[in-house]
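Report on the following structure.
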Amino acid sequence: MFIKSTLTFLMLLLSFLSFGQVEKARRVTEVLCSDSLYGRGYVNNGVNKAADFLRDEFEKAGLKPYFGDSSYFQPFSFNVNTFPGIIEVNIDGKPLVPGVDFLVGESSGSFNGELNLIEVDTSVLSNHRLLDPMVEKVRVGEYNGFYINLSDMSVQEAYSAVYQFNALAIIGAVVYETDQKFTWSVGRKQLQFPILHIKEGKINPKSKIKVEIEAEFIKNFESKNVVGVIPAKKKKAKTIVFTAHYDHLGGMGTSPQTYFPGANDNASGTAMLISMADHFINNPSEYNMVFIAFAGEEAGLLGSEYFVKSKSLDFSKIKFLLNLDIMGSGEEGITAVNGRLLEKEFELLKCINDKQEYLSTVKSRGETANSDHYHFHVKGVPSFFIYTMGPNKNYHDVHDTYEELSFAAYDNIVKLLVEFIEKL
């Protein structure tokens, strides 16, 4: 009786150790979202500080370095626009709050002074006969920028207008009044003048606008992928790859400091990457297990593109790749990108969930080019990009914080993905 009870206890303990991952995930996510890493971007070297943290986590988990006997890092470089200094906008003598009242366009150039804007109606986009005289007034110095009201537009209409009007920043400032949700990106170029998105009601065409923006364009900024491995015992074993991007958007300005924490996107997915590593360290698989934390995803999937082009892995030996991006909720289940292409594998994933009732739903999507699975996918590697669904809609904004994450389905996602790999 005593022996039976002891065995039962040990089995329960092993189960807890294998799947009680959420507390560690919370710790990892909170560190990645902290102001010390400044949004894991390119100001204050936030992204590389995050890489150092992940190297230490990989080592503590028991992963072996992928590159030789000592290195988890795969360096690569790219150009990036940054905002390391003052970011201030005053409207009629009142300072605006960065990230809340306004955003600086990611490709903005530096500027210090007052703006004198000519009002441009969005209807002139399709009529250069009307737009050209306004452009000429800025070119000759009668005005030094453009005011464009995007309020009441649909998301798609506003996006199209911004895409076209941003080009005007080569001759003058471009200022949008908008009721759209603020989202930011990583700039890969720098225009001569600033681009500003200002919340509806904070500005009008006759406002007195004072702006100070310090932009710095960095050529060949060096970042790095972080890669660890659990080698299989058999030399000819197939490989399972887990990926997640750890970089985010970084921050803008120092007075006041504004940064984008990137909790759901993708500190949470990076934490899931480590949870997968922890499980397979404690529960060895017949596969080689490779774990890749990519940099440069937010700048255009650059880290995964570099890894694929470097041919650091034999694609023909990859049994499957799971890309983990946005793992912090799950109240409404998960979606598997490529699920409609890989019908057999998706059916396996769904059948496991239907039987075990891990998640409320498992949905499928077709092909997308919006996360790090993509460059592997186009090389023929079977892959899913998995993301959670739930009430948290914060994305590429200052509100995507650790505190907003529920981790509602985290442990069950671990169970589902582990069982999927085991039954492939």
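Residue indices begin at 1 and follow the sequence shown. The model shown is predicted, which means the values in this text are computed figures rather than measured ones.
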Ignoring hydrogens and angles, state whether a donor on the side chain of S223 or Y42 is under 3.5 Å from an acceptor on the partner side chain. no

Distance only, no hydrogens: is a donor on one side chain within 3.5 Å (strictly under) of an acceptor on the other, for H245 and D265? yes

Taking the six-membered ring where the residue is Trp, are the ring centres of Y176 and H197 under 6.0 Å apart? yes

Short question: side chain of N44, backbone of G46 - any donor-acceptor pair under 3.5 Å? no

Please confirm whether the backbone N or O of S304 pairs with a side-chain atom of Y374, one donor and one acceptor, at under 3.5 Å? no

Give a yes or no on whether K210 atom NZ has more than 12 heavy-atom contacts from other residues, nucleotides or ligands under 6.0 Å away. yes

Taking the inter-plane angle between the rings of Y163 and Y159 on a 0 to 90° scale, is it parallel (under 30°), tilted (30 to 60°) or perpendicular (over 60°)? parallel

With a cut-off of under 6.0 Å to the ring centre and 45° to the axis, is K379 in cation-pi contact with F315? no

Is the number of heavy atoms from other residues, nucleotides or ligands within 6.0 Å of NZ (K199) greater than 12? yes

Angle class for the W184/F83 ring planes (parallel below 30°, perpendicular above 60°, tilted otherwise)? tilted

How far does CG of L324 sit from OH of Y387, to the nearest 0.5 angstrom? 14.0 Å

Heavy-atom closest contact (A25 atom, A271 atom, distance): O-CB, 3.7 Å

Say whether S371 and D325, considering side chains only, have a donor N or O and an acceptor N or O under 3.5 Å apart. yes

At what distance, to the nearest 0.5 angstrom, does NZ of K344 lie from CG of L424? 9.5 Å

State, to 0.1 Å, how close F242 and M289 come at their nearest heavy-atom pair, and which atoms those are. CE1-SD, 3.8 Å

Tell me yes or no: between the side chains of T178 and E200, is some donor less than 3.5 Å from an acceptor? no

If only side-chain N and O atoms count, and only distance matters, is there a donor-acceptor pair under 3.5 Å linking T388 with S329? yes

Please report the C-alpha distance between N81 and Q190 in whole Å, then the side-chain angles of each, then the deciding distance to 0.1 Å, and finally whether the side chain to side chain donor-acceptor pair (under 3.5 Å) criterion is met. CA-CA 6 Å; N81 197 37; Q190 186 183 97; 2.7 Å; yes

Indicate whether the side chain of R40 and that of Y259 have a donor and an acceptor atom separated by less than 3.5 Å. no

Take atom NZ of K64 as the centre, draw a 6.0 Å sphere, and report whether it contains more than 12 heavy atoms from other residues, nucleotides or ligands. no

Using every non-hydrogen atom in the two residues, find where P261 and D397 come nearest and quote the distance to one decimal. CD-O, 4.2 Å

OH (Y358) with more than 12 external heavy atoms under 6.0 Å: yes

CG/D179 to CG/L150 distance, rounded to the nearest 0.5 angstrom? 8.5 Å

Would you kindly say whether Q21 and D411 are connected by a side-chain donor-acceptor distance under 3.5 Å? no

Are L302 and F76 packed together at the side-chain level, in the sense that at least one heavy-atom pair is separated by less than 4.5 angstrom? yes

Looking only at non-hydrogen atoms, find the nearest pair between T239 and Y287 and report the distance. N-CD2, 4.5 Å

Check whether the side chains of S160 and Q156 place a donor and an acceptor atom closer than 3.5 Å, and report yes or no. no

Under 3.5 Å, side chain of D247 to main-chain N/O of E298, donor-acceptor pair present? yes

Before giving the answer on salt bridge (Lys or Arg N to Asp or Glu O under 4.0 Å), spell out for E57 and K60 the whole-Å C-alpha distance, their side-chain angles and the decisive distance to 0.1 Å. CA-CA 5 Å; E57 290 296 312; K60 284 189 288 187; 3.0 Å; yes

Would you say the ring centers of F420 and F320 fall short of 6.0 Å from each other? yes

Could you tell me the separation between the CZ atom of F385 and the NE2 atom of H377, rounded to the nearest 0.5 Å? 13.0 Å

With a 3.5 Å distance limit and no angle check, can you tell me whether E177 reaches the backbone of G201 through a side-chain donor-acceptor pair? yes

Would you say that F217 contacts N79 through its side chain, given a criterion of any heavy-atom pair below 4.5 Å between the two side chains? yes

Worked verdict on V175 versus V211 for side-chain contact (heavy atoms from CB on, under 4.5 Å): CA-CA 11 Å; V175 178; V211 173; over 6 Å; no

Mind checking salt bridge (Lys or Arg N to Asp or Glu O under 4.0 Å) for K319 and listing every partner two or more places apart, or none if nothing turns up? none

Find the distance between NE2 (H248) and CG (N266) and round it off to the nearest 0.5 Å. 9.5 Å

Got a donor-acceptor contact below 3.5 angstrom from the N264 side chain to the G328 backbone? yes

Mark yes or no for whether S383, through its side chain, and V381, through its backbone, hold a donor-acceptor pair below 3.5 Å. yes

Can you list, pair by pair, the side-chain donor-acceptor contacts under 3.5 Å of residues 92-105, counting residues two or more places apart and other chains?
from, atom 1, to, atom 2, distance (Å)
D92, OD1, K208, N, 2.8
D101, OD2, V97, N, 2.8

Separation of Q74 CD from F307 CZ (nearest 0.5 Å): 6.0 Å

T243 vs V241 side-chain heavy atoms within contact, under 4.5 Å: yes

Heavy atoms only: give me the nearest G303-N225 pair and the separation to one decimal. O-ND2, 3.1 Å

State, yes or no, whether a side-chain contact exists between K49 and S36 at a heavy-atom distance under 4.5 Å. no

Do the rings of F221 and F78 sit parallel, tilted or perpendicular, given the 30° and 60° boundaries? tilted

Checking the side chain of Y410 only, and the main-chain atoms of G330 only, is there a donor and an acceptor separated by less than 3.5 Å? no

Short question: side chain of K181, backbone of Y395 - any donor-acceptor pair under 3.5 Å? yes

So which atom in S360 and which in E332 form the shortest heavy-atom distance, rounded to 0.1 Å? OG-C, 3.3 Å

Hey, mind stepping through D278 and K24 against side-chain contact (heavy atoms from CB on, under 4.5 Å) and telling me if it holds? CA-CA 10 Å; D278 284 340; K24 182 175 180 180; 2.8 Å; yes

